[in-house]
2 protein chains.
Amino acid sequence: MTKVTIRDVAAAAGVSVATVSRALRGLPSVAPATREKVETVARELRYVPDPYASNLSSATNDTIIVAIPFTGQWYYAQLVSSVEAVATAAGYDMRLHVAGDDDQRRHLLEVVLPQARRVDGVILVDIPIDQGEVHQLTERGLHLVAVGQHVDGIVTVRIDNYGAAFEATTHLVDLGHRRIGLIGGMPDGRTELSIPGERENGYIAALESAGIPVDEELIVNGNFSIAGGCDTARQLLALDEPPTALFAISDEMAAGAMQAARELGLAVPGDLAIVGFDDHEFAGAMGLSTVRQPVAEQGEAAMQALLDAADGQPWGEDRILEHELVARITTDERNGS
Amino acid sequence: MTKVTIRDVAAAAGVSVATVSRALRGLPSVAPATREKVETVARELRYVPDPYASNLSSATNDTIIVAIPFTGQWYYAQLVSSVEAVATAAGYDMRLHVAGDDDQRRHLLEVVLPQARRVDGVILVDIPIDQGEVHQLTERGLHLVAVGQHVDGIVTVRIDNYGAAFEATTHLVDLGHRRIGLIGGMPDGRTELSIPGERENGYIAALESAGIPVDEELIVNGNFSIAGGCDTARQLLALDEPPTALFAISDEMAAGAMQAARELGLAVPGDLAIVGFDDHEFAGAMGLSTVRQPVAEQGEAAMQALLDAADGQPWGEDRILEHELVARITTDERNGS
DNA sequence: CTGTTAGCGCGTTCAA
DNA sequence: TTGAACGCGCTAACAG
């Protein structure tokens, strides 16, 4: 790695390093001829500033951290990828941090972030945080944005999980179902996510507003995985009075439920209707009815909110994006197969 | 962001900054008592070294770049995630670079990487690179590792794509199929990936070794997407003499094919058998027969190869990992539905 | 074993 | 408009 430094450029251009620095960053007070000379030389020498050195001396950082609970899941991958696009376009570096269980969460919020150097913003995706922690971090000058679940005191980008679950359940009710199972619950190792609860409340409210009694037996925990969805669906379908429809609060779990139905020889939607949540890229191919949430838009909005905050704009209300019920084959009444 | 520097620690501990640096990094020549004192003070002050400053002065970097053609795809997300785990454990920072089309690829290889500062290794995932470019980069001191497709002169981690495709096709032949369509081709905007060709060759060889003539009409380009798989499957099934089985060289395309079959009212595997490639997380739930390739292992092996290279070990042969045919419902002869 | 002296490569004062 | 000097926070070389 031969390295061409700002000094080499200065020498070759016959000016001082300060002038090179100014010229290359487009600062005003540089004679046009000088600037052009410097730019030419820099290009010839293939000079690129060392970001470490430059950040070190300028005390700016232009780096943000995105914290997610899990890696490898479609939803988080999409989200991160959309944040990254906006961040890169704005000249920011993005770093990823995974904080799944409560220990990791605490470590992130109380060790990594408070001590983080060269970081000016954090996007917390489905990461619970209490007011004391919020205070500690904002006082340190960190800008915070939450995605997914609401956090008091900081900008939150999310959808209406309650309303979306209400619509999904009502869709099943409208098809005539009265025994509707809910595959909900927390991902493994988590206990304090609010999103599953919000969706469960939407489910319950929809049943109540349709005059259908809520049966606790029909509410199970599928831990947000395909395998979990499969297991819990099997369990629900083994009940004395099994459900005729299932609402899974993630498409992974819905896919698992479809697998369980197939293994049990049940026709979907003939014997069992299924609705998922997210509109995973595979949902269309599987014919899975689901609630679409705008994943990339949430990532973009979150990064934009961070940029606004860094720009000195005060935080406003939660930014609530639109969801949409997408009815496909797994709830198609004309399709009995 | 109040910042506590090494000087604060030195002052509080009553020693010099050099001693603090040595003590905290576990270097040998430090008195046990001094070390303990320094460590205590550092902990109380919540001191963490600034990585930028430390890299700047040590001229080490401990950063690698992973280059992938696309973002958001399951295969690449898994791979990156597994590289990241090994990199983090080894104390390396990982940066991600997306180089999809040929312009981006050229920009990466001829601008970003040659000029990259503070980077000591690159993992190229399905990124073609010619010998001149390899030379230019290795001469600059960069360690290179390829994943997916073979590259002359550098360590490559991959599977036997030819053999895997041969097995998948033979599986269909063994089930009695003689008209077998291939959904292959390049992802949108790419022209020089070798993997699709290798799999296509495996397909052709399997047919020939079974004495089945190769029909060019049955070989189509699904550009590695769900939508592409759906479109091309529709196209194949509309032929005068349509195939009774399809081999798609990615699970996404296979899923698209399943969707097309359903829309056309064809039973799978009764009317149409389907085999995919990758063993995507959704393949099990869909009952899709496929070729499993060890995704995470490839990422781990690649990062390990990079560490070995940084350690001065010479590159050896290609590291070829095992694949495995996973027969599920879409090729189950007992299942006519 | 420890402290002092030099930088790493850059941005940012000040004078000039 | 330009340049010299200083400092960012840390590690490396040398003394002692």
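Every chain is numbered from 1 and lettered A, B, ... according to where its sequence line falls, protein lines coming before strand lines.
Residues Thr88(A) and Glu84(A) have side chains that bring a donor and an acceptor to within less than 3.5 angstrom of each other. Judged by distance alone, the side chains of Asp120(A) and Tyr92(A) never bring a donor and an acceptor atom under 3.5 Å apart.
Regarding contacts with the backbone of dA12(D), a side-chain N or O of Arg25(B) is found under 4.0 angstrom from either OP1 or OP2. Not one side-chain nitrogen or oxygen of Thr5(B) sits closer than 4.0 Å to the OP1 or OP2 atom of dG9(D). Applying the 4.0 Å criterion to OP1 and OP2 of dT2(C), one finds that Thr34(B) has a side-chain N or O inside that range. Taking side-chain N and O atoms only, Tyr52(B) has no distance below 4.0 Å to OP1 or OP2 of dG11(C). Within the structure, every side-chain polar atom (N or O) of Thr19(B) is placed at least 4.0 Å from both OP1 and OP2 of dT2(C).
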- Note on the structure: Pairs under 3.5 Å (Watson-Crick or G-U), crossing ones as [ ], inter-strand ones as |: DNA chain D comes out as |||||||||||.||||
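Taking only distance into account, the side chain of Ser57(A) meets the base of dC10(C) through a donor-acceptor pair shorter than 3.5 Å.
Contacts of Ser58(B) with the nucleic acid, taken as non-hydrogen atoms under 4.0 Å apart, involve only primed sugar atoms and P, OP1 or OP2. At a threshold of 4.0 angstrom between heavy atoms, the contacts of Ala31(A) are confined to the sugar-phosphate backbone, with no base atom among them.
Between the CZ atom of Arg7(B) and the P atom of dG3(C) there is a distance of 15 Å, given to the nearest Å. Look at CZ on Arg22(A): it is 11 Å from C1' on dA4(D), rounded to the nearest Å. What separates CD of Glu36(B) from P of dT2(C) is a distance of 13 Å, to the nearest Å.
Partner Gln298(B) forms a side chain to side chain donor-acceptor pair (under 3.5 Å) with one of Arg319(B), Gln293(B), Arg158(B) and no other, that one being Gln293(B). Screening Val151(A), Val122(A), Ile123(A) for a side chain to side chain contact (heavy atoms under 4.5 Å, CB included) with Leu144(A), the sole residue that qualifies is Val122(A).
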